[in-house]
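Only one structure is covered here, and it is reproduced in the block below.
The model shown is predicted, which means the values in this text are computed figures rather than measured ones. The sequence lines fix the lettering, A, B, ..., with proteins before strands; numbering per chain opens at 1.
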Number of protein chains: 2
Amino acid sequence: MYSYLVDTADRLIESTRELLWERGYVGMSPKVIMARADVGQGSMYHHFRGKADLARTAIDRTAAQMRADVSALLDGPGTATERITAYLRRDRDALMGCPIGRLTQDPGVVADPDLRGPVDEMFRWLRENLARVVGEGRDRGEFDETLDPDRTAAMIAAVVQGGYVLAKAANDPEAFDQAVEGAVALLAAQAG
Amino acid sequence: MYSYLVDTADRLIESTRELLWERGYVGMSPKVIMARADVGQGSMYHHFRGKADLARTAIDRTAAQMRADVSALLDGPGTATERITAYLRRDRDALMGCPIGRLTQDPGVVADPDLRGPVDEMFRWLRENLARVVGEGRDRGEFDETLDPDRTAAMIAAVVQGGYVLAKAANDPEAFDQAVEGAVALLAAQAG
DNA sequence: GTCTATAATCTGATAGAC
DNA sequence: GTCTATCAGATTATAGAC
């Protein structure tokens, strides 16, 4: 796997990113990371200090990618309502869950400030950007004046993260869609 | 710990319940379960077949307790709006997260039908009951006729589960409250 | 940079004595 | 019912040769 990636460190990082998503920090081992990257033990400990170092690098890369993806939607064309709806309805594999959000349930991540830090920053950034768009919509008269941007932003982010939980529990992506559409409908009703 | 519990099996179950909540299935080991319960290895393998058996028993007990707690709120007094708000604002240690919801992020639970089953049933039950109350509120004129009970129920359950994710990411219970209050405000606006 | 060897500890059990 | 002994394999590295 990852044979298309020439760089050894790069293959290790991609392997770690996938495993963090699939199994979390406590659920993955250096051995499995190396096997998936097709990299020997000596190479791994040459490029990284260990499991935590690899995880930190992988989390940073995933967070950066997510910021770019979300920015494209929230700063794209359309009204505030349209951009928020685009974020909510964004194409997702609901059964995979959120590669950053799942880390909040991981005792190994929560216990290590170096690992929790990027997760914290990511959600802080997300909520700020959602709140900004909600505020824009409110100022343009799309939403009621009384709508609180911060709370609404937190609700939107929570519905997405919770939607993954429902989908995984039911082993059915439809549960995610139901939650998202429930939120879209309430926001639309509020706008009208 | 658990010295007040006379029964050995009971102490093992309580220990497992706590560890599943704190560390998840892949993050806990029989050794730690036994140490916390102050029970020897021989006793543990006498009462249970192993880690999975213990976890199954612990999850069932936690799910039963949660059903009772939620029923008390949803089937209690008050309008539909009041009961749903009571569920959303229910006293919680947001930084602890949901003892059932966190299991959906656990590869060891998701991979084992015996362990995922009770989690699936719990959320199915929760969504059905929330949908029933939303439906009652709609029929009584508390909510707009166009409000979809199933989607709204999924949204409510998702906001709670996602609220835990935000709180853990920020290491601050306030994030949970923000998400919940965002949902309460949207539901209230819908009612008006 | 990559390889193999080594190691202390943990994991999740089984076996059999008491 | 509870105890200790034992076990094969995983975990998370370090050491030193190549």
Side-chain angles (χ1 to χ4, degrees), chain A residues 1-59 103 106-115, chain B residues 1-20 22-59 103 106-116:
Chain A
M1 231 174 286
Y2 305 125
S3 48
Y4 61 97
L5 290 174
V6 178
D7 189 40
T8 301
D10 231 46
R11 291 217 304 281
L12 284 166
I13 295 167
E14 288 305 307
S15 171
T16 305
R17 293 216 300 153
E18 281 193 6
L19 284 164
L20 276 175
W21 199 358
E22 293 169 15
R23 307 196 41 87
Y25 186 78
V26 301
M28 87 187 176
S29 71
K31 188 178 187 176
V32 178
I33 294 171
M34 284 152 36
R36 191 177 288 215
D38 197 23
V39 165
Q41 197 154 11
S43 299
M44 187 207 134
Y45 281 103
H46 171 77
H47 290 286
F48 300 93
R49 275 170 316 189
K51 181 180 170 177
D53 187 23
L54 251 173
R56 169 63 195 248
T57 308
I59 293 171
L103 301 176
D106 200 306
V109 171
V110 174
D112 184 342
D114 275 3
L115 299 179
Chain B
M1 234 175 285
Y2 305 125
S3 48
Y4 62 96
L5 289 175
V6 178
D7 190 40
T8 302
D10 230 46
R11 290 215 304 280
L12 284 165
I13 296 167
E14 288 305 308
S15 171
T16 306
R17 293 216 299 156
E18 280 193 7
L19 284 164
L20 276 175
E22 294 169 16
R23 306 194 44 85
Y25 187 78
V26 301
M28 88 187 175
S29 71
K31 188 179 186 176
V32 179
I33 294 171
M34 285 153 33
R36 190 178 289 216
D38 196 24
V39 165
Q41 197 154 12
S43 299
M44 187 206 133
Y45 280 104
H46 171 76
H47 291 286
F48 299 93
R49 277 171 315 190
K51 180 179 171 178
D53 187 22
L54 251 173
R56 170 62 197 249
T57 308
I59 293 171
L103 300 176
D106 200 306
V109 171
V110 174
D112 184 343
D114 275 3
L115 299 180
R116 197 181 65 78

Quiz item: When you look at E14(A) and R11(A), which way does the salt bridge (charged side-chain N to carboxylate O under 4.0 Å, His left out) test go after all the steps?
Solution: CA-CA 5 Å; E14(A) 288 305 307; R11(A) 291 217 304 281; over 6 Å; no
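- The salt bridge (charged side-chain N to carboxylate O under 4.0 Å, His left out) test applied to D10(A) returns R61(A), not counting sequence neighbours.
- Within residues 44-54 of chain B, the residues approaching DNA chain D are H46(B), H47(B), by heavy-atom distance under 4.0 Å.
- For DNA chain C, no neighbouring residue in residues 20-35 of chain A is found when judged by any heavy atom under 4.0 Å.
- You can see that DNA chain D meets the heavy atoms of chain A within a 4.0 Å-exclusive cut from dA10(D) to dT14(D), reading 5' to 3'.
- If you take CG on L103(B) and CD1 on I59(B), they are separated by 5.0 Å, rounding to the nearest 0.5 Å.
- The backbone N or O of A55(A) sits nowhere less than 3.5 Å from a side-chain atom of T16(A) that would complete a donor-acceptor pair.
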Practice problem: Please test D112(A) against R56(A) for side chain to side chain contact (heavy atoms under 4.5 Å, CB included), starting from the C-alpha separation and ending with a verdict. | Solution: CA-CA 10 Å; D112(A) 184 342; R56(A) 169 63 195 248; over 6 Å; no
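- Residue L19(A) holds its CG atom at 10.0 Å from NZ of K51(A), rounded to the nearest 0.5 Å.
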Exercise. Just do the side chain to side chain contact (heavy atoms under 4.5 Å, CB included) check on T8(A) and H47(A) with the steps written out, would you?
Key: CA-CA 8 Å; T8(A) 301; H47(A) 290 286; 4.1 Å; yes
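- If T8(B) and Q41(B) are placed on DNA chain D by their nearest nucleotide, the residue sitting closer to the 5' end is T8(B).
- Here T57(B) pairs with I13(B), F48(B), D53(B) under the side-chain contact (heavy atoms from CB on, under 4.5 Å) rule; sequence neighbours left out.
- Applying the side chain to side chain donor-acceptor pair (under 3.5 Å) definition to pairs two or more places apart or across chains, those involving residues 19-32 of chain A are E22(A)-R36(A).
- Among all heavy-atom pairs drawn from L115(B) and G108(B), the shortest one is CD1-O, 4.0 Å.
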